[in-house]
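Taking it in order: structure first as structure tokens, then the write-up.
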Amino acid sequence: MHLAHYLALRGYRVLAIDLDPQASLTSTFGLQPEFDVGDGETVYAAINYDNTRRPMSDVIRETYFPNLHLVPGNLELMDFEFETPAALTSGLRDDLGLFFERLRRAIATVEDNYDVIVIDTPPSLGYATLAALYAATGLVVTVHPAMLDVASCNQFLIMLTELSDTLAAYGAEFNHEFFKILLTRVNPNDGPQKFMSAVVRKIFADNVMLFDALESTAVAAAGVAKKSLYELEPGEVGREPLKRALESVDNVNSELLSLLLKQWGRI
């Protein structure tokens with residue numbers, strides 16, 4: 001959400017796609033997934049396998065933020081995980097192709113309307129996540145600098161490598177202009193976190209982003225209010241915590257924007 005808001009505030013036309021059935025991104029935009037998002041109103045409606053499929057443009061919503069549109073999520077997205085094995089077994093092949101091709105082809109019908117498309121994936125390596133990885137031109141993996149989180153990230157990357165090798169036989173190539181690891185919820189005064197951050201930077205070197213997303217009471221307060229830091233009003237959170245949190249978020253988002261500009265050949 002912070003990246004989408006940051007880019008929209010700078011005049012870029014942004015589409016945010018929530019692929020997570022838990023719909024956290026949707027919630028932070030002020031929508032209640034179980035009440036405000038009905039059947040056929042998620043990206044699933046544009047990539048499913050039956051005759052109820054809708055154009056991608058039909059599931060895009062305007063938001064209260066200028067230049068920013070949203071494809072919301074809810075539990076309906078789980079249907080893609082359940083239906084894909086049956087489609088693969090039956091040999092079903094329609095105009096959207098195999099499961100990993102479907103999101104990219106749906107996005108292609110609307111991508112000329114946007115400068116940046118931000119896809120929030122589920123925290124698992126399912127069919128929807130693989131479709132997002134195939135559609136993406138850049139990849140950012142968030143990692144909390146704690147032992148279990150780093151180990152989990154390592155397993156995720158191992159599984160991704162194995163699956164990408166398997167899918168390559170079916171024509172799936174994951175061509176990302178950049179792959180970055182973003183350290184999140186970082187407490188710079190926490191000794192074990194400092195150690196694990198150093199381990200991550202040692203292992204992944206230049207693939208780790210220069211700036212970290214710092215842990216902050218301001219971020220937590222904004223989350224409770226279902227707002228980004230860019231939306232908080234004076235007095236909703238302490239001035240100094242908000243200043244530090246905004247500086248951290250701006251640094252991360254500025255670095256990501258630089259990656260996009262480099263990809264576009266602007267710098």
Determine the interplanar angle of the Y12 and W264 rings, folded into 0 to 90°, and report it as parallel if under 30°, tilted if 30 to 60°, perpendicular if over 60°.
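Tilted, since the angle between the ring planes falls between 30° and 60°.
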
Assess, by modelled atom type and distance only, whether the side chains of [X] and [Y] contain a donor and an acceptor separated by less than 3.5 Å.
X    : Y    : answer
Y64  : E231 : yes
Y230 : D250 : yes
S228 : H5   : yes
T84  : Y49  : yes
N48  : T52  : yes

Hey, are the side chains of [X] and [Y] touching, using non-hydrogen atoms and a 4.5 Å cut-off?
X   : Y    : result
V14 : H69  : no
Y6  : S254 : yes
L3  : V116 : no

Establish, yes or no, whether a centroid distance under 6.0 Å links the rings of Y127 and F99.
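Between F99 and Y127, which both carry aromatic rings, the centre distance is below 6.0 Å.
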
Y134 and H176 aromatic centres sub-6.0 Å:
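No.
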
Check whether [X] reaches the backbone of [Y] with its side chain - one donor and one acceptor, N or O, closer than 3.5 Å.
X    : Y    : answer
H144 : T184 : yes
D36  : Q32  : yes
D20  : P122 : no
T26  : L31  : no
N187 : N189 : yes
Q193 : D190 : no
E41  : P72  : no
N253 : V249 : yes
S248 : D212 : yes
E236 : E233 : yes

Heavy-atom closest contact ([X] atom, [Y] atom, distance):
X    : Y    : answer
N74  : G38  : ND2-O, 3.9 Å
V143 : C153 : CG2-SG, 3.5 Å
M209 : V252 : CE-O, 3.6 Å
P241 : A218 : O-CB, 3.8 Å
L98  : R102 : O-CG, 3.1 Å
P145 : M196 : O-CB, 3.4 Å

Kindly compute the distance separating [atom1] ([X]) from [atom2] ([Y]), expressed to the nearest 0.5 Å.
X    : Y    : atom1 : atom2 : value
M1   : K226 : CE    : NZ    : 11.0 Å
N113 : I60  : CG    : CD1   : 7.0 Å
L15  : L70  : CG    : CG    : 7.5 Å
F156 : D149 : CZ    : CG    : 14.0 Å
T42  : D18  : OG1   : CG    : 9.0 Å
I47  : L96  : CD1   : CG    : 8.5 Å

Is the shortest side-chain N to carboxylate O distance from [X] to [Y] below 4.0 Å?
X    : Y    : value
K180 : E255 : no
D94  : R53  : yes
R201 : D206 : no

Under the rule for salt bridge (charged side-chain N to carboxylate O under 4.0 Å, His left out), what residues qualify as partners of E177, not counting sequence neighbours?
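E177 satisfies salt bridge (charged side-chain N to carboxylate O under 4.0 Å, His left out) with no residue once adjacent residues are dropped.
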
